[in-house]
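Some notes on the structure that comes next.
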Amino acid sequence: MDVHVIDHPLAQSRLTAMRDARTDSATFRAALHELTTMLVYEAARSFPVETYPIQTPVTDAEGTRLANPPLLVPGLRAGLGMADAALGLLPESSMGFVGLARDEETYEPRAYMESLPRDLSGLPVLVLDPMLATGGSLEHCCRLLADRGCTDITVLCVLAAPPGIDRLARSGLPLRLVTASVDAELNDRKFIVPGLGDAGDRQFGGMPRF
Ligand SMILES: O=P(O)(O)OC[C@H]1O[C@H](OP(=O)(O)OP(=O)(O)O)[C@H](O)[C@@H]1O
Ligand SMILES: O=c1cc[nH]c(=O)[nH]1
Ligand SMILES: [Mg+2]
C-alpha cells in the first residue's frame, strides 16, 4: 500500500495545534480544516486531468480540469470536520456518508449510518477520517466502498498508527493513504500515542454512546 506522509511545515504547525491538549474546540476545528486543505491538495496531485478550450482576454488557450472528480466520504463523526475543506477544493465532487462508532471495549467498529451511491464502479473515492488507530473503522468503511464496485480509494488521515496501516495494507483493498503523521504506537486503550485524543470529542464534545 502506498503511504504518503505530508511533512510540510504548515501542515506540521496545524497538527501541533491539534495535538496540544490546551487547544479549544473552535481552534481544533479550524486547524483540522486548514490541514485537510493541505492533505487534499497533495492527494490530488496524481488525479487525471483533461483539457478543454477556453479564451483568455488575450487569445485562445487550453484549460485544465479534473477528468473524474472523486466522491468524498467523511466518516462520521470526526471526518465531518474535514468535509467542508475537501469540498472547497473539489467543488465538482459529490459526497456520501458513513457513520461508525468504535466500541471502546472490543475496539470493533459499529456501523450506524450508510448513505452512498449504489454503484461506485469507475468513481474514485476520497475517504476522510482524521484517525487511523487499529484500522477497524477505516477497513470497514473501505470494504463498503469496494463492495459497491469502487477500485480507487484514497484515505486521508491526520494521524496513522502502525497497526492501522498494517491492517489496511493486509486488507487487499484497492487503496492508498495520505496522512500528516505516522505516530509511534497505540496505548492499552488503543488510542494513538502521542496522538491528539478522541478526534470526535475534541471537535464536538463528548457524549454518552447509545
Ligand atoms: O482505527 P480505529 O481503531 O477503528 O479507530 C479510529 C476511529 O475512531 C474514531 O472514531 P470514533 O469511533 O471515536 O467515532 P467518532 O468519530 O464519533 O468520535 C476515528 O474518527 C476513527 O473512525
Ligand atoms: O487515538 C484515537 C484512536 C481512535 N479514535 C480517536 O479519535 N483517537
Ligand atoms: Mg470518537
Side-chain angles (χ1 to χ4, degrees), residues 1 3 5 14-21 23-29 31-33 35-36 39-40 72-86 95-116 125-146 153-171 173 175-210:
M1 181 176 69
V3 180
V5 181
R14 280 15 174 235
L15 179 53
T16 300
M18 294 178 69
R19 287 193 194 278
D20 192 331
T23 299
D24 64 26
S25 292
T27 310
F28 186 96
R29 290 193 302 269
L32 176 58
H33 182 99
L35 180 52
T36 302
L39 293 169
V40 173
L72 306 176
V73 178
L76 311 186
R77 284 178 306 164
L80 266 187
M82 303 172 77
D84 193 46
M95 198 173 280
F97 301 88
V98 172
L100 294 171
R102 189 175 81 164
D103 182 312
E104 295 301 339
E105 282 171 12
T106 65
Y107 308 114
E108 287 303 312
R110 197 174 74 75
Y112 60 85
M113 214 271 271
E114 190 181 319
S115 175
L116 294 168
V125 176
L126 217 49
V127 175
L128 311 171
D129 189 328
M131 309 303 276
L132 174 62
T134 67
S137 304
L138 272 164
E139 183 182 2
H140 184 91
C141 177
C142 293
R143 233 172 250 298
L144 290 177
L145 301 171
I153 303 171
T154 301
V155 174
L156 295 195
C157 288
V158 170
L159 297 183
I165 296 174
D166 292 347
R167 184 164 175 163
L168 291 187
R170 284 195 314 268
S171 70
L173 291 161
L175 52 83
R176 70 185 175 117
L177 176 67
V178 179
T179 182
S181 175
V182 176
D183 273 15
E185 59 187 353
L186 300 179
N187 66 14
D188 56 3
R189 292 176 50 226
K190 309 287 186 204
F191 269 73
I192 298 175
V193 179
L196 52 76
D198 185 303
D201 289 357
R202 296 217 43 205
Q203 291 177 75
F204 306 120
M207 61 169 73
R209 278 290 168 78
F210 310 101

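In each ligand, atom 1 is the first atom listed, and ligand 1 is the first ligand listed. For clarity, every value in this text was computed on a predicted model and none was experimentally measured. Side-chain atoms are counted along with the backbone in the values below, which use heavy atoms only and exclude waters and symmetry mates.
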Notebook entry, point to check: Quick one: does Arg176's side chain have a donor or acceptor within less than 3.5 Å of a partner on Met1's backbone?
Noted result: no

Next item on the list: Pull out every atom of ligand 1 sitting under 4.0 Å from any heavy atom of Ala78, numbered as shown with elements.
Entry: 16 (O), 20 (O)

Notebook entry, point to check: Looking only at N/O atoms, are Tyr112 and ligand 1 under 3.5 Å apart anywhere?
Noted result: no

Notebook entry, point to check: Would you say Tyr107 and ligand 1 have an N/O pair spaced under 3.5 Å apart?
Noted result: no

Next item on the list: I would like to know whether Gln203 and Leu80 meet side-chain contact (heavy atoms from CB on, under 4.5 Å); could you show each step before the answer?
Entry: CA-CA 9 Å; Gln203 291 177 75; Leu80 266 187; 5.6 Å; no

Notebook entry, point to check: Is the closest basic N to carboxylate O distance between Glu108 and Arg110 below 4.0 Å?
Noted result: no

Margin query: I'd like to check whether Met131 has a polar contact with ligand 1, where a contact means an N/O of the residue lying under 3.5 Å from an N/O of the ligand.
Written below: no

Check: Can you find an N or O of Asp201 that's nearer than 3.5 Å to an N or O of ligand 1?
Finding: no

Margin query: Assess the residue pair Arg102 and Asp198 against the criterion (side-chain contact (heavy atoms from CB on, under 4.5 Å)); give the C-alpha distance rounded to whole Å, side-chain angles, the decisive distance to 0.1 Å, and a yes or no.
Written below: CA-CA 11 Å; Arg102 189 175 81 164; Asp198 185 303; over 6 Å; no

Checklist line | Polar side-chain atom of Arg202 near backbone of Thr23 as donor-acceptor pair, under 3.5 Å | finding: yes

Check: Taking only heavy atoms of Gly200, which atoms of ligand 1 are found under 4.0 Å from at least one of them?
Finding: 18 (O)

Next item on the list: State, yes or no, whether a side-chain contact exists between Thr179 and Leu132 at a heavy-atom distance under 4.5 Å.
Entry: no

Next item on the list: Within a distance under 4.0 Å of any heavy atom of Asp129, pick out the atoms of ligand 1 and give their elements.
Entry: 19 (C), 20 (O), 21 (C), 22 (O)

Check: Are any of the heavy atoms in Ala101 under 4.0 Å away from ligand 1?
Finding: yes

Margin query: If the test is side-chain contact (heavy atoms from CB on, under 4.5 Å), which one of Leu156, Val155, Leu126 qualifies with Val178?
Written below: Leu156

Notebook entry, point to check: Against heavy atoms of Asp198, which atoms of ligand 1 measure under 4.0 Å?
Noted result: 13 (O), 18 (O)

Note to self: Between ligand 1 and Ala133, is the shortest N or O to N or O distance under 3.5 Å?
What the structure shows: yes

Acceptor/donor pairs from residues 161-170 side chains to any protein atom, 3.5 angstrom cut, sequence neighbours excluded:
| from | atom 1 | to | atom 2 | distance (Å) |
| --- | --- | --- | --- | --- |
| Arg167 | NE | Glu139 | OE1 | 2.8 |

Check: Any heavy atom of Gly135 sitting closer than 4.0 Å to ligand 1?
Finding: yes

Notebook entry, point to check: Do Ser115 side-chain atoms and Gly96 backbone N/O form a donor-acceptor pair below 3.5 Å?
Noted result: no

Margin query: Using 2.8 Å as the threshold, say whether any N, O or S atom from Asp198 sits that close to the Mg ion (ligand 3).
Written below: yes

Check: Hey, mind stepping through Asp129 and Cys141 against side-chain contact (heavy atoms from CB on, under 4.5 Å) and telling me if it holds?
Finding: CA-CA 10 Å; Asp129 189 328; Cys141 177; over 6 Å; no

Check: Looking at ligand 1, does any of its N/O atoms fall within less than 3.5 Å of an N/O of Ser137?
Finding: yes

Next item on the list: Check side-chain contact (heavy atoms from CB on, under 4.5 Å) between Ala199 and all other residues, then give those that pass, not counting sequence neighbours.
Entry: Ala78, Pro130, Met131, Leu196

Item checked: Results of salt bridge (Lys or Arg N to Asp or Glu O under 4.0 Å) for Arg29 - residues two or more places apart only -> none

Check: Leu138: heavy atom below 4.0 Å from ligand 1, yes or no?
Finding: no

Which atom pairs, nitrogen or oxygen on both sides, join ligand 2 and the protein at under 3.5 angstrom?
| from | atom 1 | to | atom 2 | distance (Å) |
| --- | --- | --- | --- | --- |
| ligand 2 | 1 (O) | Ile192 | N | 2.8 |
| ligand 2 | 7 (O) | Ala199 | N | 2.9 |
| ligand 2 | 8 (N) | Gly197 | O | 2.8 |

Next item on the list: Kindly give the heavy-atom pair with the smallest separation between Ala133 and Ile192, and that separation in Å.
Entry: CB-CG1, 3.9 Å

Next item on the list: Would you mind listing which atoms of ligand 1 come within a distance below 4.0 Å of any non-hydrogen atom of Thr134?
Entry: 1 (O), 2 (P), 3 (O), 4 (O)

